[in-house]
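Notes follow once the structure below has been shown.
Counting starts at 1 for both ligands and their atoms, following the listed order. Note that these values count all heavy atoms, side chains included, but never hydrogens, waters or copies made by symmetry. Quantities reported herein were computed from a predicted structural model and do not represent experimental measurements.
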Amino acid sequence: MKLMFVGPPGAGKGTQAAVVSEKHGIPHISTGDMLREEIKNGTQLGTKAKSYIDAGDLVPDDVIIGMVQQRISRPDAQKGFILDGFPRTVVQAEALEGIVKLDKVFNIDADDEALVRRICGRRICKDCGAIFQAAQLDSSQSCLKCGGQMRIREDDNEETVRQRLKVYKQKTKPLIDFYDERGLLYNVVSESIEDTTKEIMDVLSKME
Ligand code: ADP
Ligand code: ZN
C-alpha cells in the first residue's frame, strides 16, 4: 500500500505513520527525519537544508524530490510505504505522480492553537526517536518506550512553528484539493491520537 499523510505540523502525521508502518510492515518515509539525518551527518544536502528548516521555510523542491525519488526506489519500498511530510507543494505532488501512484492520502488536521501547544510540548527520544508530550512524562523526563533521554527539536519553538503553519496554509493546503480531485483523499475526523489510529486502520482494512 502506498500511502501519504498530509496535514499541518503537529497534527500527528509522524505518530500515526509510525504505528501504521509497524502494523503493515511498510517503511515510514519522513522527509523531515531524512533531512535531520543529513544535517547530523554533515552532508552537503544537510548543510543546504539547515537554514531553511531553522527559519521554518521549505527546502527547495528539487532537493527534496531527488531525495525522495532515491528513497522510494529502494527494495524495501517496492510493496508499499508511508510518506510523511512529502509532498508539501503542488510541484512536489506533480513530480511524485510521475514516479509512483498513491493508493490513499490521509488528511489529519487540528486547530492552530492546539498545534502550537502540541509542538511546543513535543519531546523526542535521543535513542529510539519515539515522540511524546512533555506532560506525559514523569519528573525524570525519560522515554516511555526505552528509558532514553528526551530532547526538544531545534525548530520546535513558537516563532518557527507560527512560520511553519503559515507556510503550510500557503503551500501545502492546496494538496488537499489536488488529491480530492483524484479521488484519493480521506479526511480524518477523529481528534485523539488513539481514535485517529483506529479510524486510519479501519479505512486500510477495507482497502486490502
Ligand atoms: P513538521 O511537519 O512538524 O513541520 P517535518 O519534520 O515534516 O516537520 O519537517 C521539518 C522541516 O523540514 C520543514 O519545516 C521543512 O523546512 C523541511 N521539510 C520537510 N519535508 C519537506 C518537503 N517535502 N519539502 C520541503 N521542505 C521539507
Ligand atoms: Zn526511546
Item checked: Minimum-distance protein heavy atom relative to atom 13 (C) of ligand 1 -> Arg88 NH2, 3.8 Å

Item checked: Ile64, portion touching ligand 1 at heavy-atom distance under 4.0 Å -> side chain

Next item on the list: Mind checking whether Asp61 contacts ligand 1 via backbone (N, CA, C, O), side chain (CB onward), both or neither, at a 4.0 Å heavy-atom cut-off?
Entry: neither

Margin query: Taking 4.0 Å as the limit for heavy-atom contacts, which would you say applies to Met67 with ligand 1: side chain only, backbone only, both, or neither?
Written below: neither

Checklist line | Any side-chain heavy-atom pair of Val19 and Met201 under 4.5 Å | finding: yes

Next item on the list: Please identify which atoms of ligand 1 are closer than 4.0 Å to at least one heavy atom of Arg36.
Entry: 6 (O), 10 (C)

Check: What residues form a ring pair (Phe, Tyr, Trp, His ring centres under 6.0 Å) with Tyr186, not counting sequence neighbours?
Finding: Phe106

Item checked: Where ligand 1 meets Gly85 - atom numbers and elements under 4.0 angstrom, heavy-atom basis -> 20 (N), 21 (C), 22 (C), 23 (N)

Margin query: If we ignore hydrogens and angles and just use 3.5 Å, is the side chain of Asp103 paired with the main-chain N or O of Leu3 as donor and acceptor?
Written below: no

Next item on the list: Compute the shortest N/O to N/O distance between Ser30 and ligand 1 and return yes if it is under 3.5 Å, no if not.
Entry: no

Checklist line | Lys/Arg N to Asp/Glu carboxylate O, Asp156 vs Arg164, below 4.0 Å | finding: yes

Item checked: Top protein contact for atom 3 (O) of ligand 1, by heavy-atom distance -> Arg164 NH2, 3.0 Å

Check: Close to the Zn ion (ligand 2), meaning under 2.8 Å, how many protein N, O or S atoms are there?
Finding: 4

Item checked: Per-atom contacts, ligand 1 versus Gln92 - under 4.0 Å to a heavy atom -> 22 (C), 23 (N), 24 (N), 25 (C)

Margin query: If you count heavy atoms of other groups shown closer than 6.0 angstrom to CD of Gln141, is the number above 12?
Written below: yes

Next item on the list: Report the nearest protein non-hydrogen atom to atom 8 (O) of ligand 1: residue, atom name, distance rounded to 0.1 Å.
Entry: Arg153 NH2, 3.1 Å

Next item on the list: Nearest heavy atom to atom 18 (N) of ligand 1 wins, so pick from Leu58, Leu35, Val63.
Entry: Leu35

Check: At a 4.0 Å threshold, what atoms of ligand 1 neighbour a non-hydrogen atom of Lys13?
Finding: 2 (O)

Notebook entry, point to check: How far is atom 26 (N) of ligand 1 from its nearest protein heavy atom, and which residue and atom name does that atom have?
Noted result: Val59 N, 3.0 Å

Item checked: Interfacing atoms of ligand 1 (cut-off 4.0 Å, heavy-atom, Asp57) -> 15 (C), 16 (O)

Next item on the list: For residues Gln16 and Glu199, determine if any side-chain heavy atom of one lies less than 4.5 Å from a side-chain heavy atom of the other.
Entry: no

Check: Counting both backbone and side chain atoms, is some N or O of Thr31 under 3.5 Å from an N or O of ligand 1?
Finding: yes

Notebook entry, point to check: Looking at Asp202 and Lys198, does any basic side-chain N land under 4.0 Å from a carboxylate oxygen?
Noted result: no

Next item on the list: Mark the output for Arg122 as yes if a heavy-atom distance to ligand 1 is under 4.0 Å, and as no if none is.
Entry: yes

